[in-house]
Chemist: 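Below you will find the structure I want to go over with you.
All values below come from the heavy atoms of this structure, side chains included, with hydrogens, waters and symmetry mates left out. Throughout, a chain's letter reflects where its sequence line sits, starting with A, and its residues are numbered from 1.
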There are 2 protein chains.
Amino acid sequence: MELDRLDRDIIGALVEDARATYAEIGQRVGLSASAVKRRVDRLREAGAITGFTARVEPSALGWTTEAYVELFCAGKTSPADIGVAVARHPEVISACTITGEADALLHIRATDVRHVERVIERIAAEPFVVRTKSSIVLSRLIDAPSATPRNESPSPA
Amino acid sequence: MELDRLDRDIIGALVEDARATYAEIGQRVGLSASAVKRRVDRLREAGAITGFTARVEPSALGWTTEAYVELFCAGKTSPADIGVAVARHPEVISACTITGEADALLHIRATDVRHVERVIERIAAEPFVVRTKSSIVLSRLIDAPSATPRNESPSPA
DNA sequence: GCTGAAATTCGACCTCG
DNA sequence: CGAGGTCGAATTTCAGC
C-alpha cells in the first residue's frame, strides 16, 4: 500500500496524540475532519495503523525494574518455539531473534531486582535454553512513543 | 500516588484501545462514563498515564529493519552525555544504560541493513564511543502494546 | 468538503458515606 | 470532602450527498 505525505502527517499526529479529534488533526495537516476520518479508517483497514494505546508510566504501576536478557538456545530451536515459550512469561514485553552469538533478546519488566532474578530463573528453566546473559537497565535515556523513528520519514540518506 | 483496582482496570482498557469511549470503558469496569473521565483526567494529571499514541506497523512506513547496538564508552562518560548524543540520531528509538560489559544499549530502526550500517557508523563516530557491538533483528516474537507487562498487575510472587 | 443526525464529551449539580 | 451518578449543552463522529 502506498502512503502519501498526508497519510504520514496524519499518522504522525496520531502517534503524538491518539485521542486528538479529527478536526484537530485536519487543521494540522490541512484537511477537513471528514477527510481525516476516511484516511484514518483506511490506514487501519490497511494495517498501517494497528491500534491505539495509552502510554503508561510503568513505575506508577509498580514496574520499577527492567532488564534485557540474551538467550542462548539448543542447536535446533525454532524462533516459533522460543516465541511460544517466552510468551508464557508476562514479564517479557518484547522478544526477538537476533544475529550474533545469542539466539534471542528479551526485554523484561519486573517489580524489583529480585523479581527479575526469578523471571530469568523461570526462563532459564525452559528446556531449550542453554544459557542466559542479562543486563539490568540502570537509566532509560530514550523511549520513543512508537516503534517508529522519531519525527522522521524514511530517508536512508 | 495510590492506584486502586478501578484505576488499573481503566488503564488496562486504555492500553488495549486508547480511543475507546468513556461509556465503553465504564461498562467494562463498572462505572459511569463521567466517573471514568474523572479518573482518566486524574491519572493523566498524576502522570500515571503519560499520553495516548497510535500503534503503527513500522514496515508500512518503510522501516523494515531493526537492530540492537551495545555501546562501549570512554572511561568517564556520563549517562546524560550518552543520552544527548544518541538523541541526535532519530533512528534510535530507545536507549538505556545497562549493567555488564557494555555501557549502553540502543534499539534502532532503519529502512534496510545498509541504513543500519550507516547509523552505527555515525554513532561510532561520537567522540566518547570506544567500540560498538550490534545485532540485527531477525524476527520479532513479541511486541507488547505498552511498556507494561501484558495483562498483569505487579505480583512479584 | 459539506451537512445533519446520532453519539460522545464535559461541566454543573445532586447524593451518599 | 471525596467519589459516583444524572442531566443537558457543546462538541465530535459518521454516513450520505
Chemist: Does A:Tyr68 have A:Arg140 sitting over its ring (NZ/CZ under 6.0 Å from centre, angle to axis within 45°)?
Modeler: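 Here A:Arg140 fails the 6.0 Å and 45° test against A:Tyr68.
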
Chemist: To the side chain of A:Thr21, which of C:dT8, C:dG1, D:dT12 is closest?
Modeler: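 In terms of side-chain proximity for A:Thr21, the closest of C:dT8, C:dG1, D:dT12 is D:dT12.
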
Chemist: Could you check which of D:dG16, C:dC10, C:dC13 has an atom nearest any side-chain atom of A:Arg38?
Modeler: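 So the nucleotide nearest the side chain must be D:dG16.
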
Chemist: For B:Asp7 and D:dG4, give me the distance from atom CG to atom P, rounded to whole Å.
Modeler: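 In whole Å, D:dG4 P lies 9 Å from B:Asp7 CG.
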
Chemist: Return no unless some side-chain N or O of B:Arg19 is found under 4.0 Å from OP1 or OP2 of D:dT13.
Modeler: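 Checking B:Arg19 against D:dT13: at least one side-chain N or O falls below 4.0 Å of OP1 or OP2.
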
Chemist: Please tell me which of the listed nucleotides, C:dT8, D:dT13, D:dA15, lies nearest to the side chain of A:Tyr22?
Modeler: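 When the side chain of A:Tyr22 is considered, D:dT13 is the closest of C:dT8, D:dT13, D:dA15.
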
Chemist: Is any side-chain N or O of B:Lys37 closer than 4.0 Å to OP1 or OP2 of C:dC10?
Modeler: yes

Chemist: Return the value, rounded to whole Å, for the distance between atom CD of B:Gln27 and atom P of C:dA7.
Modeler: 14 Å

Chemist: If you count heavy atoms of other groups shown closer than 6.0 angstrom to CD of B:Glu24, is the number above 12?
Modeler: yes

Chemist: Looking at B:Glu101 and B:Lys133, is any side-chain nitrogen of the basic one under 4.0 Å from a carboxylate oxygen of the acidic one?
Modeler: no

Chemist: List the steps and the verdict of salt bridge (charged side-chain N to carboxylate O under 4.0 Å, His left out) for B:Glu16 and B:Arg28.
Modeler: CA-CA 12 Å; B:Glu16 266 185 42; B:Arg28 171 161 159 178; 3.2 Å; yes

Chemist: Compare side-chain N and O positions of B:Arg39 against OP1 and OP2 of D:dG4 and report whether any pair is under 4.0 Å apart.
Modeler: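 So the side chain of B:Arg39 is within the cut-off, an N or O lying under 4.0 Å from OP1 or OP2 of D:dG4.
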
Chemist: To the nearest Å, give me how far apart CG (B:Leu6) and C1' (D:dG2) are.
Modeler: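 Checked: the CG to C1' distance equals 14 Å.
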
Chemist: Take B:Ala33 and A:Ser34, find for each the nucleotide of DNA chain D with the closest heavy atom, and name the residue whose nucleotide sits nearer the 5' end.
Modeler: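 This one resolves to B:Ala33.
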
Chemist: I need the CD1-P distance between B:Ile25 and C:dC10, as an integer number of Å.
Modeler: 12 Å

Chemist: Take the protein atom CD of A:Glu24 and the nucleotide atom P of D:dT11, then report the distance between them rounded to whole Å.
Modeler: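 Value for this atom pair: 12 Å.
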
Chemist: Need to verify one output field. Residue with the more 5' nearest nucleotide on DNA chain D, A:Asp41 or B:Ala35?
Modeler: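 Its nearest nucleotide lies further toward 5', so the answer is B:Ala35.
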
Chemist: Once you round it to whole Å, what is the distance between C1' of D:dG2 and CG of B:Leu31?
Modeler: 14 Å

Chemist: Among D:dT12, D:dG4, C:dG1, which is the nearest nucleotide to the side chain of A:Ser32?
Modeler: C:dG1

Chemist: Does atom CZ (A:Arg42) have a neighbourhood of more than 12 heavy atoms from anything else shown, all under 6.0 Å?
Modeler: yes

